[in-house]
Each structure stands twice: as structure tokens, then as C-alpha cells.
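Note that ligands are numbered from 1 as they come in the structure, with each ligand's atoms numbered from 1 the same way. Note that this is a predicted model, so its numbers are computed, not measured. FYI, side chains are in, hydrogens and waters are out, and symmetry mates aren't considered; it's all heavy atoms of this structure.
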Amino acid sequence: MSLFQSSTRIIPDAPAVPRHIAIIMDGNGRWAKKRFMPRVAGHQRGVEVLREVVKACRKLGVEYLTVFAFSSENWRRPADEVSFLMTLFLKMLEREVAKLHENNIRLKIIGDRSRFDNELRQTMQEAEQLTAKNTALTLTVAANYGGRWDVMQAVKAMLKDRPQLAQTFTEEDLQPYLSMSDAPEPDLFIRTGGEQRISNFMLWQLAYTELYFTGTLWPAFGFGELEKAIASYQKRERRFGRTSEQLTSEQPADGQPVGQADA
Ligand code: IPE
Ligand code: IPE
Ligand code: MG
């Protein structure tokens, strides 16, 4: 059994302050272009914004913040931009980890690390180890991550451990092998930069997440924008498949727990 509730198996809590926020930090390139700067200047500025957002989340009592830093499809970008992003990632880890640790923040990295060089892999591992026991906020950075990759690697890892499940398995069997198995599903998803798509981020976990899209480019995102997103989330009615009337009455939902046999 997993530590956290699956939104499709039971009706999870709907906290007023999102417990878990997931962000696609998009629009760095366009932000730079508007200023006649190279795209990478936008990425650089994006790191500063991330620092502020981490601080704000910690202050607001958000427990998990998961950000998309590099997708499994971002390798398709020009080689010099990819290489800049790798260097930036390494520098960011080296520079920020001590501060994260001081602030009791746990850092986790999800994604396929096999394509990163040894130095970066080593630094990632050290950063995770150093901060592993911190409890104020879990910051998860998705790097060379893809939602489909995650589901595929989880199925493969599960079947390697438990080959007998090839016949039939449940959500609960798969859950521990997914990258975000130790976090509740996101309550709020934010995408900056104006695009209204998921771009292969957390496909499994976003099943019942509230989606918020803003045209603000990531390097221009700030505390006020975050508050706006949370205020929008707070106005939503999270039904998880039920009717609105069921939410206002004290009646428990029928059919709980949700179907035992989903094989
Ligand atoms: C997001 O900004 C950062 C990464 C994908 C690494 P973009 O680089 O996608 O910026 P736009 O969307 O081209 O403006
Ligand atoms: C999504 O942004 C990935 C990250 C922010 C890391 P992209 O800019 O790569 O997404 P698309 O290509 O516009 O869908
Ligand atoms: Mg983009």
C-alpha cells in the first residue's frame, strides 16, 4: 500500500492551501527574446524566480513543490542550449544546496539520469543525500523527465521485482514504483508562458489536479502571481467524480472504497 491516497481509489482531502503544487516553468526563451537577449538569459533569470517561489511556498505552508526543469523531449533543442541548461543545472545545485539545507528543504530529482554526465549525477546524489531528512518542504526537480517514461519505468521495475504480476496488477501494486510515490498527488498545477498543455509532465499524478494557466512568462512570475493561482484553486469545487450536492450534504459517497478489482 502506498503512503498517500490515490484520487481514483479513494476520495482524497482537498486542502485549502494546496499541499502539493506542480509547475511547468515555461516562457524563459520568449522573455529573453522580448528583451533582445539570448534565450539562455531567460533560463538564468528563471532560476532566480524559482528561488523566490520556493521561499514563498515554504512560507505559505505548501508541503511539496514539483517543478519541470527539463523534459525528455527538450533534448531536441539546439545543442548549445541543451549544454547551457546542463551547466546551469550543475551550478544551481552546487550553489543552492547549502541554502536549501539551511532552510530545512528536502531536494529530490526525478527523471532518467542515465543521459547526464557523471559529475552532474554525482552532484544530484549528494544534494539529495544531504537534504534527505529535511521536513519543511520537499522540492522535486524533474530533469530529463517525461510522464510516459515514468509509467513505463514503473511497470518495468515492478515486473522485475514481482514477475508474477505480469498476469494482473492493481494501481496499488504500481504506485510504489512511480517517481512521485512518496508524495500526495498535486492539488494545483500551474503552467506559465501561455501554452495550455501538459507537455508530458506527471501524466499519472495530474488525474484530479486543478489546472491553472497564466500568460505570464516564467521569469516574470512572482509572489503575487502565485497567490492568484492559489486563490483560483480555492474557488474550485473538487468533486472527484461526485455531484455537487454530495459535497454539501453529509452523505458519504456510494461505492467507497472505489472498485477493488480493477484488473
Ligand atoms: C522553459 O522555457 C524552460 C525549459 C523548457 C528548459 P522555454 O525555454 O521553453 O521558453 P519558451 O517557451 O521558448 O519561451
Ligand atoms: C515544457 O516546456 C518543459 C519544461 C518547462 C521543462 P516546453 O517549452 O518544452 O514545452 P512545449 O514544447 O512548448 O510543449
Ligand atoms: Mg517553452
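The 12-atom threshold is exceeded at CD of E237, counting heavy atoms of other residues, nucleotides or ligands nearer than 6.0 Å.
The heavy atom nearest to atom 9 (O) of ligand 1, considering only R39, R77, M25, is found in R77. Closest heavy-atom approach to atom 4 (C) of ligand 2 within the set F201, W218, F68: this belongs to F68. Considering only non-hydrogen atoms, atom 10 (O) of ligand 2 lies nearest to R191 out of E195, R191, E73, R197. Between atom 7 (P) of ligand 1 and the options L217, D26, L85, the minimum heavy-atom separation is to D26.
When each atom of ligand 2 is checked for a heavy atom of I24 under 4.0 Å away, the hits are 1 (C), 5 (C). The distance from ligand 2 to the heavy atoms of N74 drops below 4.0 Å at these ligand atoms: 3 (C), 6 (C), 9 (O). Atoms of ligand 1 found under 4.0 Å from any heavy atom of N28, numbered from 1 in the order shown, are 1 (C), 2 (O), 3 (C), 7 (P), 10 (O), 14 (O). Those atoms of ligand 1 that come under 4.0 Å of a heavy atom in A69, given as number and element, are 6 (C).
There is no side-chain donor-acceptor pair under 3.5 Å between H20 and D187. Between the side chains of T135 and N104, at least one donor-acceptor pair of N or O atoms lies under 3.5 Å. Looking only at atom types and distance, the side chain of W149 has no donor-acceptor partner in the side chain of N200 under 3.5 Å away. Side-chain contact annotation: E171 with Q175, donor-acceptor N/O pair under 3.5 Å absent.
When distances from atom 13 (O) of ligand 2 to the protein are checked, a heavy atom turns up under 4.0 Å.
Between L90 and T87, the closest side-chain pair of non-hydrogen atoms is not below 4.5 Å. Taking the side chain as every heavy atom from C-beta outward, V53 and F221 approach each other to under 4.5 Å.
Taking 4.0 Å as the cut-off, G27 counts as a neighbour of ligand 1 on heavy-atom distance.
Heavy atoms of R30 found under 4.0 angstrom from ligand 2: none, in either backbone or side chain. At a heavy-atom distance under 4.0 Å, no atom of K33 approaches ligand 1. Within the 4.0 Å heavy-atom criterion, the part of F70 lying near ligand 2 is the backbone and not the side chain.
Under 4.0 Å is where a charged nitrogen must lie from a carboxylate oxygen, and between E52 and K55 at least one such pair does.
Judged by a 6.0 Å distance limit and a 45° cone about the ring axis, K160 is not positioned over the six-membered ring of Y177.
Within D26, OD1 is the N, O or S atom that lies nearest to the Mg ion (ligand 3).
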